[in-house]
Peer 1: 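Starting off with a structure, shown below.
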2 protein chains.
Amino acid sequence: MATDWLSESEQHSWRNFIMTVHDLMAALEADLAPHGLTMGDYEVLVWLSEAEQNRMRMCDLAGALQLSPSGLTRRLDGMVKNGWVERASCESDRRVMWAHLTGSGLAKMKAVAPDHVASVRRHVLDPLGPEGVAQLGEIFGNIGARLHDAQPA
Amino acid sequence: MATDWLSESEQHSWRNFIMTVHDLMAALEADLAPHGLTMGDYEVLVWLSEAEQNRMRMCDLAGALQLSPSGLTRRLDGMVKNGWVERASCESDRRVMWAHLTGSGLAKMKAVAPDHVASVRRHVLDPLGPEGVAQLGEIFGNIGARLHDAQPA
DNA sequence: GGCGATTGCTTGCGGGTGCAACTAACCATA
DNA sequence: TATGGTTAGTTGCACCCGCAAGCAATCGCC
């Protein structure tokens, strides 16, 4: 039966996906490394730069980054040390810590973004073309929809 | 210019991909966890079970798993401790260590595979349908081809 | 045959992450 | 107001991983 194992073409697609994702992430990390940051750092910069007043609550940021609370604490430690982010306590709820993008962090973001965008273009968007990019979005939209349907139940 | 940043649709596709991959891997890991192994462990079982005489040289296995030599050493440590894999020295080249799948490891593989296959079907193949699966393979084939073209140069 | 270069694997070390436990603060209800 | 439950964030611990160093064995070339 087709349900007990994968057909040859299914297996080909699946393994292609699994192995290429690994290489792709490594390539993106490698392109970002000369700038002194990781993909994780970059995503912090992106989210904070797009946030109102360039700041987010730790818990919201952790959710956005798909990171555990402790994971975010440690990641921010590094970014604070680099001067890209500041912690600020919240007046209205003293449990909350704001992660606030500094001017230096915003400058870093603007300096690095073009390179990273070019990297994504080179490794992903250009090889796929507009049609492939649309398919990529649709495919992972479908997978994500199924995932989020099942989980919160 | 379109080359300095991503269009809205490009950004949508890209973020959808990045975030869903994270959730997808977490879901696959979670489905595998009750069996007492990780995706990494499972992949070792797959490669060794498909290998000639159920064994591979460490360096070849590391390449197959996209793992550094030290990473493989540690992963095998765990699998040896669980009795799924044995190390065996090679007669013809005494630098080489064979990673050899034990009977217990093969049994584990056969016991777990149907569940994992079902997990992949549920989270990926079913939501996409045959056409989507083919697109998935093509997309990452294209990305992978571009990656491997550039690197070895 | 011999010696430098290469290959295969392991170990030390540091970085990144999640889980569980903990503290602090907020909230809801009596 | 008092108390139990919830939420936000940090810290301790363990795990996984890659890099660099080290060691052993093999290969290549004189």
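A note on names: the letters A, B, ... follow the listed sequences, proteins ahead of strands, and every chain is numbered from 1.
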Peer 1: Looking at A:Ser70 and C:dC19, is any side-chain donor or acceptor paired with a base atom of the opposite kind under 3.5 Å?
Peer 2: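 Counting by modelled atom types and ignoring angles, a donor-acceptor contact under 3.5 Å is found here.
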Peer 1: For B:His100 and C:dC9, give me the distance from atom NE2 to atom C1', rounded to whole Å.
Peer 2: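 Going from NE2 in B:His100 over to C1' in C:dC9 covers 19 Å.
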Peer 1: Please report, rounded to the nearest Å, how far the P atom of D:dA8 is from the CG atom of A:Leu76.
Peer 2: 16 Å
Peer 1: In terms of side-chain geometry, is the basic nitrogen of B:Glu86 or B:Arg55 positioned less than 4.0 Å from the acidic oxygen of its partner?
Peer 2: no
Peer 1: For the pair made of CG in B:Asn82 and P in D:dC15, what is the distance, rounded to whole Å?
Peer 2: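 In whole Å, D:dC15 P lies 12 Å from B:Asn82 CG.
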Peer 1: Mind calculating the distance between CD (A:Gln66) and C1' (C:dG16) to the nearest angstrom?
Peer 2: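 Those two atoms, CD and C1', are 16 Å apart.
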Peer 1: May I ask you to evaluate whether B:Arg74 reaches the phosphate of C:dT10, defined as a side-chain N or O under 4.0 Å from OP1 or OP2?
Peer 2: no
Peer 1: May I have the distance from A:Asp77 (atom CG) to D:dG9 (atom P), rounded to whole angstrom?
Peer 2: 13 Å
Peer 1: Which ones in residues 35-59 of chain A lie close to DNA chain C, meaning a heavy atom under 4.0 Å from one of its atoms?
Peer 2: none
Peer 1: With the side chain counted from C-beta on, respond yes when B:Leu136 and A:Phe140 share a heavy-atom pair under 4.5 Å apart, and no when they do not.
Peer 2: yes
Peer 1: Under 4.0 Å: is that the gap between some side-chain N or O of A:Arg87 and OP1 or OP2 of D:dG9?
Peer 2: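 So the side-chain polar atoms of A:Arg87 never come under 4.0 Å of the phosphate oxygens OP1 or OP2 of D:dG9.
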Peer 1: Using a 6.0 Å distance limit plus a 45 degree cone around the ring axis, check whether A:Arg15 lies over the aromatic ring of B:Trp47.
Peer 2: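 Yes, cation above the ring, under 6.0 Å and within 45°.
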Peer 1: Just by distance, no angles: are the side chains of B:His35 and B:Asp115 close enough, under 3.5 Å, to form a donor-acceptor pair?
Peer 2: yes
Peer 1: Would you kindly give the CG-to-P distance between A:Leu72 and C:dG16, to the nearest whole Å?
Peer 2: 13 Å
Peer 1: May I ask you to decide whether A:Arg146 forms a salt bridge with B:Asp126, counting only side-chain N to carboxylate O separations under 4.0 Å?
Peer 2: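 Not counted as a salt bridge, because no side-chain N and carboxylate O are separated by less than 4.0 Å.
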Peer 1: Measure NE2/B:His22 against C1'/C:dT17 and give the value in whole Å, please.
Peer 2: 10 Å
Peer 1: How long is the span from the CZ atom in A:Arg74 to the CG atom in A:Leu67, to the nearest 0.5 Å?
Peer 2: 10.5 Å
Peer 1: Look up atom CD in B:Gln53 and atom CG in B:Leu101, then write down how far apart they are to the nearest 0.5 Å.
Peer 2: 12.5 Å
Peer 1: With distance as the sole criterion, is a donor-acceptor pair present between the side chains of A:Thr38 and A:Asp41 under 3.5 Å?
Peer 2: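 A donor-acceptor contact under 3.5 Å links the two side chains.
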Peer 1: Which residues in residues 91-99 of chain B have at least one heavy atom lying under 4.0 Å from any atom of DNA chain C?
Peer 2: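 Residues of residues 91-99 of chain B under 4.0 Å from DNA chain C: B:Arg95, B:Val96, B:Met97.
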Peer 1: Mind listing the closest non-hydrogen atom pair of B:Met109 and B:Ser49 along with its distance?
Peer 2: CE-OG, 3.9 Å
Peer 1: Send over the distance from B:Glu29 CD to D:dC17 C1', rounded to a whole Å.
Peer 2: 14 Å
